[in-house]
Amino acid sequence: MNLIEDLRWRGLLAQSTDEAALAESLKKPLTLYVGFDPTAPSLHVGNLVVLLVLRRFQLAGHIPLALVGGATGLVGDPSGKNEERTLNSSDTVSEWVGRIKEQVSVFLDFNTSKNPAKVVNNLDWTAPLSAIEFLRDIGKHFSVNQMLARDSVASRLEAGGISYTEFSYQVLQSYDYLELFRRYNCTLQLGGSDQWGNIVAGLDLIRRVEQGSGHALTVPLLTKADGTKFGKTAGGSVWLDPEMTSPYAFFQYWLNTDDKDVINFLKVFSFKSHAEITELEKSHIENPGLREAHRELARELTTLVHSKEVAERVEAAAKALFGQGDLSQLDLLTLKSALSELPQTKVSSLEEIPTWVDLIAATGVVDSKSAARRIVKEGGAYLNNEKISGEEFRPSKNDFLCGKYAVLRKGKRDLAAIELV
RNA sequence: GGCGGGUUGCCCGAGCGGCCAAUGGGAGGGGACUGUAAAUCCCCCGGCUCUGCCUUCGAAGGUUCAAAUCCUUCACCCGCCA
């Protein structure tokens, strides 16, 4: 099975220019790129879809370029947005560029001699360009009529308007493709399906300026069975940065995937073979309660994004802490490593121990003390897996397992740790 | 630049001088049922030193015993005209 067929099987093809020609080009190593704009200090699981497709291309022998949008991030992509976004300062953007470069690098191989990956920043070729050069050398090739017709622009015009800044975004992205075509003979740009317009605009530019040709390939927007947005939880996006989404929470996010989505997610995110996925699908249908497919998904993604050690640690932590397990059976070392994955707070052994409400508020698991009180009132408050009641409830020194740790739980699965120091 | 309409809690959206921490929906949270799933049902959903107090209805002033609701100025958005 070739790469294109594999992508189709995984449901990863949305649109492409001449597919037969692309399949032909893919018989030899080809250089391709995907752009990521720094709109936050970290990528999130939504970005993972296309990033992993880039990885699939490298595994298939092609040369991947990961573009981090130091320039485009300063301007703002109107695609998929119904209102103008506020500009971030250039200091902020350049800091985010640095972080995202590192994150992207985890998924690509830079050391192979055959088809090493490269990370590029479009600020490198955009910053030196003068406004006049930009208008004469690039702008001249764009028809405003066509630019206005682009979906991202048209919908914004309808929704109330667009600034000249964001209107120009497609020109910048097109120029990126042209520049990568020139520098690296890059002839394929991948992106989310919302990027189609920007990508073909780049192809047009390459054709006009260099009389060259290239390909465009987009990946469908990932949808969930219940219609909610992929990659979001109550706390916001699921980030790749362990400081922003703990590996424990990351693992749990995948583990809690809706049954209806889990096989689809395995196809999209996992590098397992078709046979392995089909096998998991079978076991999932036969015994969904076992959640073998969920577990494999969570393990593989946590391993890929964090590491094998981390994945094993967070899974062990979940096992030790979850449900009705008797926490007092755990030894100090197991307890300590399991709890290290959770939100924590410390209390002094010299002072009176604060109430459950104050403690859980201190860990950040609830937004406010009022919220914490509500949880207690509603019967969702636990200490060491034992339900507690009364807003004034205070743990005693004896509640600290091994004399050192206590486990707070809110609802069924929100855990936090307290350390006695 | 002129005229008209708008800005309400995480989002959408009622309210148009006291009964307003503010109707309703969505999202979210807790419980029941389960499989750390979905669906369903019940409850909750500004904060706090919590029978009370404090801060919210674009911002700042003002009128009033009393304002999200009236007046003034400013900012932003939308529409029509220049």
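Side-chain atoms are counted along with the backbone in the values below, which use heavy atoms only and exclude waters and symmetry mates. To find a chain, count down the sequence lines: A is the first, B the second, and so on, and within it residues start at 1.
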Exercise. Rounded to whole angstrom units, what separation is found between the NZ atom of K369(A) and the C1' atom of C53(B)?
Worked result: 16 Å
Problem set entry | Rounded C1' spacing from C42(B) to G47(B) in Å | 26 Å
Seminar exercise, completed: RNA chain B nearest-nucleotide lookup for H284(A) and K387(A): closer to the 5′ end is K387(A)
For this session: For D367(A) and G47(B), give me the distance from atom CG to atom P, rounded to whole Å.
Result: 8 Å
Exercise. Which heavy atom of W356(A) sits nearest a heavy atom of P395(A), and at what distance?
Worked result: N-CD, 4.2 Å
Exercise. Would E19(A) and R8(A) pass as an ion pair if we require N to O under 4.0 Å?
Worked result: yes
Exercise. Across the strands shown, which category fits D258(A) at heavy-atom distances under 4.0 angstrom: base, sugar-phosphate, nothing?
Worked result: sugar-phosphate
Exercise. Once the angle between the rings of H274(A) and W9(A) is folded into 0 to 90°, is it parallel (under 30°), tilted (30 to 60°) or perpendicular (over 60°)?
Worked result: parallel
Problem set entry | Pair assignment for A37(B), Watson-Crick or G-U wobble, requiring both distances under 3.5 Å | none
For this session: Rounded to the nearest angstrom, tell me the gap between atom CD in E281(A) and atom P in A37(B).
Result: 22 Å
Exercise. Which part of the nucleic acid does K377(A) contact within heavy-atom distance under 4.0 Å: base, sugar-phosphate only, or nothing?
Worked result: nothing
Problem set entry | Verdict with supporting geometry, S42(A) and Q103(A), side-chain hydrogen bond (donor to acceptor under 3.5 Å, both in side chains) | CA-CA 8 Å; S42(A) 168; Q103(A) 279 187 344; 2.9 Å; yes
Exercise. Expressed in angstrom and rounded to an integer, what is the separation of R413(A) atom CZ from G30(B) atom C1'?
Worked result: 12 Å
For this session: Go through the N and O atoms of the side chain of D414(A) and the base of G29(B), and report whether any donor-acceptor pair is under 3.5 Å.
Result: no
For this session: May I have the distance from L290(A) (atom CG) to U34(B) (atom C1'), rounded to whole angstrom?
Result: 15 Å
Problem set entry | Closest approach of A318(A) to Q252(A) (non-hydrogen atoms, all atoms of both residues) | CB-NE2, 3.5 Å
Exercise. Counting side-chain heavy atoms from CB outward, which of G31(B), U49(B), G47(B) is closest to S370(A)?
Worked result: G47(B)
For this session: Would you indicate what E391(A) reaches in the nucleic acid, counting non-hydrogen atoms under 4.0 angstrom: base, sugar-phosphate, or nothing?
Result: nothing
Seminar exercise, completed: Whole-Å distance, R409(A) CZ to G31(B) C1', equals 13 Å
Exercise. U8(B) and G58(B): how far apart are their P atoms, nearest whole angstrom?
Worked result: 6 Å
Exercise. For L255(A), which contact category applies under a 4.0 Å heavy-atom criterion: base, sugar-phosphate, or nothing?
Worked result: base
Exercise. What integer distance in Å separates D358(A):CG from G47(B):P?
Worked result: 15 Å
Problem set entry | R374(A) side chain, from C-beta outward: closest of A37(B), U36(B), C45(B) | C45(B)
Problem set entry | Electrostatic pair E315(A)-K319(A), nearest N-O below 4.0 angstrom | no
Seminar exercise, completed: L297(A) CG to A37(B) P, in whole Å, measures 16 Å
Exercise. With both distances kept under 3.5 Å, what pairs with C76(B), Watson-Crick or G-U wobble?
Worked result: G6(B)
Exercise. G6(B) and C70(B): how far apart are their P atoms, nearest whole angstrom?
Worked result: 10 Å
Seminar exercise, completed: Of U36(B), G31(B), G30(B), the nucleotide closest to the side chain of I375(A) is G30(B)
For this session: Determine the interplanar angle of the F167(A) and Y164(A) rings, folded into 0 to 90°, and report it as parallel if under 30°, tilted if 30 to 60°, perpendicular if over 60°.
Result: tilted
Problem set entry | Distance, P atom - from C76(B) to A27(B), rounded to whole angstrom | 35 Å
Problem set entry | Rounded P spacing from G15(B) to G62(B) in Å | 29 Å
Problem set entry | C1' spacing across the pair C33(B) / A39(B), given as an integer number of angstrom | 11 Å
Seminar exercise, completed: In Watson-Crick or G-U wobble terms, with both distances under 3.5 Å, the base opposite G52(B) is C48(B)
For this session: Look at K412(A) and A32(B) and indicate whether a side-chain polar atom (N or O) is within less than 4.0 Å of OP1 or OP2.
Result: no
Exercise. Relative to the 5' end of RNA chain B, which residue comes earlier, K260(A) or A371(A), by the nucleotide with the nearest heavy atom?
Worked result: K260(A)
Exercise. A14(B) and U63(B): how far apart are their C1' atoms, nearest whole angstrom?
Worked result: 27 Å
Exercise. Now, which nucleotide makes the Watson-Crick or G-U wobble pair with G1(B), with each of the two distances under 3.5 Å?
Worked result: C81(B)
Exercise. At under 4.0 Å between heavy atoms, what does G380(A) touch on the DNA or RNA strands: base, sugar-phosphate, or nothing?
Worked result: sugar-phosphate
Problem set entry | Distance test, side-chain N/O of S368(A) to OP1/OP2 of C48(B), below 4.0 Å | yes
Exercise. What interatomic distance, in whole Å, is found between C1' of G13(B) and the corresponding atom of G26(B)?
Worked result: 11 Å
Exercise. Nearest to the side chain of R291(A) - G35(B), A38(B), C45(B)?
Worked result: G35(B)
Exercise. Which listed nucleotide (G47(B), U36(B), G30(B)) is nearest to the side chain of K410(A)?
Worked result: G30(B)
For this session: Report yes if some heavy atom in the side chain of M147(A) is under 4.5 Å from a heavy atom in the side chain of V171(A); otherwise report no.
Result: yes
Problem set entry | E378(A) side-chain proximity, nearest of C48(B), G35(B), G29(B) | G29(B)
Exercise. Considering Watson-Crick and G-U wobble pairs with both distances under 3.5 Å, what does G24(B) pair with?
Worked result: C12(B)
